Engineer: 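Handing you this structure, nothing more for now.
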Amino acid sequence: MLQVEQLKKSFDGFQAISDANLLVPKGEVVAVIGPNGAGKSTLFNLITGHLQADSGHIRFQGKEITSMAPYKICHRGMARSFQLINIFSSLTVFENVQASVIAKHRLDQNFFRPAKKLFIEETLEILDSFELFDFKDRSCSALSYGDQKVLEIAIALGSKPELLLLDEPTAGMSSEETRRIVNLIKHLSREKGLTILLTEHDMELVFDVAQKIMVLHQGKTIAQGLPQDIRNDKSVQNAYLGETG
Amino acid sequence: MSTNNLKLIENPKGKFNTYLGLGIAAVGIIVLLLAPGFLTQYYVYLLATVFTTALLATSLNLVLGYGGLLHLHHGVFFGVGAYTVAIVTTKTSWPFAVAVLLAPLVAALIALVIGWFCVRLRGLYFGMLTLALGQLVWAIVYRWNALTNGDNGIHAIPVPEFLTSINSVYYATLLILVISLIILYIITESPFGLMLLATRDNPVRSESVGVNVKRHRLTAFVIAGFFAGIAGVLFVLVERSVAPSLLFWSESAEVLIMCLMGGLTVFMGPMLGAGILVLLSMVVGLYTEYWLLVLGLLLLLLVLFLPQGILGYLMEIYNKSQDKRGGN
Amino acid sequence: MDFATLASQFFIGLSRGMIFFIVSAGLTLIFGVLRITNFAHGALYMVGAFIAYSVSTLFGQGPYGFWLALLVAPIAVMFISLVIERGLLRFIYNRDHLIQMLLTYSLVLIAGDLVKIIWGTEYKSMHIPEALRGSFNLWGASLPWYNAFLLVVGPVVALGLWFFLSKTNLGKICRATATDREMVDVLGINSTKVFAMVFALGGWLAGLGGALIAPTTTISMGMDASIIIYAFLIVVVGGLGNIWGALISSIIMGVGEAFGILFIPGVAIIIPYIIAGVLLILRPSGLLKSAW
Amino acid sequence: SGCGSNSPAKTEDKPVKVGIIDTYTGGAAVYASDSLDGFKLAVKEFADKGGPKIEFVTRDDEFKPDKSTSWAKELVMREQVDFLAGTTNSAGSLAVSQYAKESKVPFIVWGGMSEKITGEAGHRYVFSTLPNTAIIGKAGAAQLSKSSYKKVWLAGSDYEYGHSLINNLWSNLTTLKPDVQKMDESWWRVGETDFTPYINAIRSAKPDVLVVGTGGADMVAFMKAVKATGLNKEIPVWAHTSYDPSTLRPLGDQAPEGVMGTNPYLYNYPDTPENKAFAEAFKKEYNREPAAFALYGYMGGKFLGEAIAKAGSTDKEKIIDAMEGLTIDTPVGKATLRKEDHQVAIPMSYGVVANVNGVFTGSDLHSLNSEEIMPSVDQILKARSK
Amino acid sequence: MMLDVRDIHTYYGLSHVLFGLSLKVNQGEVVSLLGRNGVGKTTTLKSIIGITPPKSGQIYFKGQDIAKTPTKRMVKLGISFVPDDRRIFADLSVRENLEIADGIKTGVWNLAKVHELFPVLKRTENRRGGNLSGGEQQMLSIARALLGNPELLILDEPTEGLAPLIVRELEEQIIQLRSTGISILLAEQNLKSALKLADRCYVLERGQVRFEGTVDELAENEEVRSKYLLV
Ligand SMILES: Nc1ncnc2c1ncn2[C@@H]1O[C@H](COP(=O)(O)OP(=O)(O)OP(=O)(O)O)[C@@H](O)[C@H]1O
Ligand SMILES: Nc1ncnc2c1ncn2[C@@H]1O[C@H](COP(=O)(O)OP(=O)(O)OP(=O)(O)O)[C@@H](O)[C@H]1O
Ligand SMILES: CC(C)C[C@H](N)C(=O)O
Ligand SMILES: [Mg+2]
Ligand SMILES: [Mg+2]
């Protein structure tokens, strides 16, 4: 599904990603872990085209997408959520998701159909499956942090992706909310057959949902494999797991 | 602290009861239809000027308020539209209707060219490039004596017989204004309009749900240019003359002020601002030499006490009262 | 075109660039630290020129008049700026960018009419001091002494700003405030004072620019509108908030315009916009790193 | 703007109301305030004599042509004035003139100098009470043709006045001296502050003479730069109004000596009793010497008042008829509003800036009578038929 | 008592983050705030320092209510703060970063002394602040705070994102600081680190204190640890 090879990216001389490699098989949940500043978000930004790679390759469904514009990558079936809340702050909850659905149907340049009447069913369905139905007419800035995080994912799903990237979907969430997200991820993966790539610092969650883990450390992939292998990997323990206890 | 994406207002989309809105609009139109009956000629003329400016301001707001782009030189497209009519009618033998149809198209074309460069820039950089390129257009119009008559402008632009009386001009501008506003309103309510708000709120996110943000902004820019071109046509109908100062940056600054004065958050806001500013500059100018001082002081008070604009402020009050009534 | 002409035109352009720099340095400083788009900067420049005129006239336009004007006018403008900052701007620091622009724009309108009320509409002219009159020979072409004087003042101001910003504690605090006001507060430094001071310094520079230009031209209303557009283009092209960027683009603008006047005198009017447009298209976020 | 009314309500005739649109702010405001004071003086003189009664209101166009027209509309439609007047900006004059024609409200131009106003764009409803650029150009060419200049550099403010002046001067000069050649032209924006680069560029091309058409604040700044760069010592310079007090007063002792120029009027030239009386009356009223624009405004008022008296009516059309070909006494002698083109005919003089007993003023003055310098009626008719 | 926070409620705009939180820091004590991401540790610290002043509640510092005191006066009062994201002035050199903080409030700490504590800052003094590694930035940030000569030093996740080696070094230095008599309030996610450094701990959950006690008490309380700290 997704293949990253020898990716490199530096900012003003600082090598944020020095050698990242990743293979995401179709239908699996893959987690990228690593300490703060390892380059996880940067890697995500490179994959989704928000940043341009210095060198290396990213292939999605067999086709090269390195440094392609984000909207084109989205059209090919990849969607993402963001680590920090990144929603359309002045729109209602409904409109937030609807905007994404409209873009999916490529009607974003349509001038003459009232937006109010478009894709109501489809949007409501998504809102419903995310338990956001009751808030649909609220301004999204009035949602709680947890609900905003959920909305963040709902927007991504509006584009009906085949591959979903989640950047720390439970960061800053309470344990109940975290559980809600875990269930959601499992649901999306098992029932909807979505391929999911995520980052998380919550190891419990990672080992719970991930079928495969990649460890990033100082911009390098230091390990990649099944969860139990990663757990026992010496270098990973030194670089990351060891610290979090 | 990101100033790259202009975040213009806290709650940029006023909710408004559609029926109430329609009702107010209908009453407004009826009053305006009857107005020439009991106004002196001059005020009829002044209202026609207000209509022209109102369309210009509303078209700017598509980019400024809805698109969140700091467009500092919208007057260029207005001027280009007006000049197109002036040049076609005085330098060619084409019928007037052709001039009128051509004007918004030429304005949109210029907007396409300028916009093509500008949409790649953000925030104030965007604003300054609109300014620099717009001034370039101004300088060309100012200098190209053979075509534009230079600083003198073009006067006595011939218009069809039925558009010579001030009352007929009034009704013509009103009609075109209303049609344009309806189209603009439909656009703001369309998927395009919704996505425009989305790109303003969060361009990065818009891009990742599959919107080509640059193209979207460019489209908005061109549409705004198109309607500014129509406003240019109205200007010619009302004034029957054009001058390069239409394309000078200070003119654009005034339009910007109108938008802010009325309120960017509300579709009708810029129109209100246009009305207030046009009337103010005329009326205060009659009584004091220092009308700019008066305007400056008013603006100062507005900024300090009503930063969301007049209509924006009224909407806020309205929304609050609605929220209360709606209960929890 | 002989070398002497090119050289003297270059120096004249450079001295024009120095005025641009002095004015836009103030603007960019305010941009960088306060993050305010100060439209009133041009008005402050104009007021500086008028005050310089008045001071110089008070001394019968004699030799002391000019030097005193050069001293007094910038300081007077600095105080005006201080009043503006304390009285108005500080209430809108956390407001939207456009709102801040609008407030400073309203000051432009007010200042214009106040100048008219105070100084009247008759245009004013201030004399070049005896010592700086006339021209001298430079490789066969002549360069006015006053332009040479500007070529000295510009670098002195640049050097002063450099010294102030990189060598004094206050300068360090300014630069720190530009990147992170909250953290400056956390360190126990009064950022409010820094803001007031930077705005005043910006005003001082605007006033200095006005006082320096005053003897070379007619002091009249409308001076503000013509400089502010240049200053904005320069500041943005240079990179918002970057003083050295402003220096470079001032020089490009001044010299570019001078050569435009030399090579295409008929259409010199479009040159600044072409320069700014091309530079912005080539470097969409300014020549040097922006503080934003 | 404020209203100024000077008519004692003693005759039963309704007063004629004049709407003045002029540049009361910005770089050209001196001219407008001079002409307004001149006009007021004329109005006052009529009032003192017991009629005709003239009322007026003023509007500030800020030197912007579009402002001029919108005020013209306001004055005609709302204020219902009988006459329009003013407009220092030539482009503004042309714009207002067009509206005057449409609305059939006569317009007396005492500020805009473009020859188009009474030339190709002239019509029944526009009058000019100041020498236009055709006249100035002809006089200037006459002055310049006295010396052996060959290579000429033309320069000016990049708008109607500058272009029109330079065009007229150049075409007259080529007729008088077919061997002159134009080196190049420089054009600066209105409101240019720094003339050094222009002057340096021109100087390096070494023309025989530099001919300049600029006005207002730019004129003062230009003259100042001429002095500062010492250009006047190297290359002869010609500029209209170079020795007018409005230019020289702000320059003080920094006026560039030797700059040639044209100007129809100085408070002490022509040295006649009529002029002395006018200058004294003006000085008494406004505490300064009248400059050329004071004369233009004064003549505007004079022509209007005399025409009303002659028509014996306040009907606009009748006043126009009376004005056509009207001759009056002015400080510069007899002045006629030519019937065919409504352009005032007065003598024009030329001279150079000189230091006369410690005061900078015009010297070496020569007068050309109006027949020598007015464009012929044929020329006008030909221009209009285009 | 050095610091006494009583029943504070803090909001970000409309969202309510701290719900009646109270805590105390005694003279010369090291107190640690624990809790998972987003429970409000940073917000508590920012409320004390005045960046996000509480809507209600009191904060007493040496007996004086400082709940409404602006941030810029905290150093003069004797409180210094090291934010979690370090907030180094990237464009200033290391030395300049220190110099601007120097002399606001005089006391035992000066440039020489902080160089003694963090020799690395002497070695890198001419480097751009933004070019330092994460660990060096953390030390610079602490040094900068120390130059304010605080009686109470507030540290937000000082060990976050640092390599284990650097963490150990930093812990040493914090212990050294404590021996100089400064009171320290720190937020930590790293339980090991917290247990090593602190005298007492507060465990937060959703903007409220759920556990309060000495380090030993926490070490023994399996339930609290598994429930609120997921360890
Ligand atoms: N635009 C940028 N300019 C300069 N440096 C950057 C930029 N973006 C990220 N970095 C640096 O790159 C490194 C990797 O950052 P990244 O956000 O990818 O980390 P992460 O692994 O996602 O960490 P976290 O777990 O904290 O989210 C960090 O040191 C960061 O400071
Ligand atoms: N600027 C802000 N605006 C709105 N909400 C915020 C803001 N900053 C933090 N929050 C929210 O407040 C809550 C508490 O955040 P806080 O940063 O205090 O947590 P924390 O315990 O320090 O977490 P961490 O361990 O991740 O640093 C979180 O839900 C967070 O999302
Ligand atoms: C400034 C003046 C010299 C302008 C001149 N009166 C004109 O015709 O425009
Ligand atoms: Mg990350
Ligand atoms: Mg925190």
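Everything quoted here is computed from the prediction, not taken from an experiment. A note on names: the letters A, B, ... follow the listed sequences, proteins ahead of strands, and every chain is numbered from 1.
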Engineer: What part of D:Y24 is in contact with chain C, defined as an atom under 4.5 angstrom from a non-hydrogen atom: side chain, backbone, both or neither?
Structural biologist: backbone

Engineer: Please state whether the side chain, the backbone, both or neither of C:I12 comes within less than 4.5 Å of a heavy atom of chain D.
Structural biologist: side chain

Engineer: Can you tell me how far apart CG (D:N200) and CD1 (C:I261) are? Round to the nearest 0.5 Å.
Structural biologist: 10.0 Å

Engineer: If I compare all heavy atoms of C:P144 with all of D:T229, which pair ends up nearest, and what's the gap?
Structural biologist: CG-CG2, 3.7 Å

Engineer: For C:L262 and D:S204, what are the C-alpha separation, side-chain angles and deciding distance, and is it a side-chain contact (heavy atoms from CB on, under 4.5 Å)?
Structural biologist: CA-CA 9 Å; C:L262 186 63; D:S204 66; 4.1 Å; yes

Engineer: In Å, rounded to the nearest 0.5 Å, how long is the span from OG1 of C:T218 to CE of D:M219?
Structural biologist: 10.5 Å

Engineer: So, D:K224 versus C:S125: side-chain donor-acceptor pair below 3.5 Å or not?
Structural biologist: yes

Engineer: Looking only at heavy atoms and a cut-off of under 4.5 Å, which of D:A29, D:G252, D:A228 has the most pairs with chain C?
Structural biologist: D:A228

Engineer: Let's go through D:D253 and C:H127 carefully: what are the C-alpha distance in whole Å and the side-chain angles of both, what is the deciding distance for side-chain contact (heavy atoms from CB on, under 4.5 Å) to 0.1 Å, and is it a yes or a no?
Structural biologist: CA-CA 9 Å; D:D253 64 351; C:H127 290 356; 3.1 Å; yes

Engineer: So which atom in D:G191 and which in C:S226 form the shortest heavy-atom distance, rounded to 0.1 Å?
Structural biologist: O-OG, 4.3 Å

Engineer: Between chain D and each of C:K124, C:E257, C:M126, C:M223, count heavy-atom pairs under 4.5 Å; write down the option with the most.
Structural biologist: C:M126

Engineer: Nearest 0.5 Å please: distance from the NZ atom of D:K206 over to the OG1 atom of C:T5.
Structural biologist: 6.0 Å

Engineer: Using non-hydrogen atoms and a 4.5 Å limit, figure out which bit of C:N147 sits close to chain D: side chain, backbone, both or neither.
Structural biologist: side chain

Engineer: How many angstroms lie between atom CG of D:D194 and atom CG of C:L150, to the nearest 0.5 angstrom?
Structural biologist: 8.5 Å

Engineer: As an exercise: rank D:G230, D:G216, D:S33 by heavy-atom pairs under 4.5 Å with chain C and give me the winner.
Structural biologist: D:G216

Engineer: What option among D:S246, D:A205, D:P197 has the most heavy-atom pairs under 4.5 Å with chain C?
Structural biologist: D:P197

Engineer: Return the option, out of D:S186, D:A221, D:A217, with the maximum number of heavy-atom pairs under 4.5 Å with chain C.
Structural biologist: D:A217

Engineer: Under a 4.0 Å N-O cut-off, is there an ion pair linking C:K116 with D:E62?
Structural biologist: no

Engineer: Using heavy-atom distances under 4.5 Å, tell me whether C:A214 contacts chain D through its side chain, its backbone, both, or neither.
Structural biologist: backbone

Engineer: Can you name the nearest heavy-atom pair linking D:A201 to C:Q9, along with the distance?
Structural biologist: N-OE1, 3.6 Å

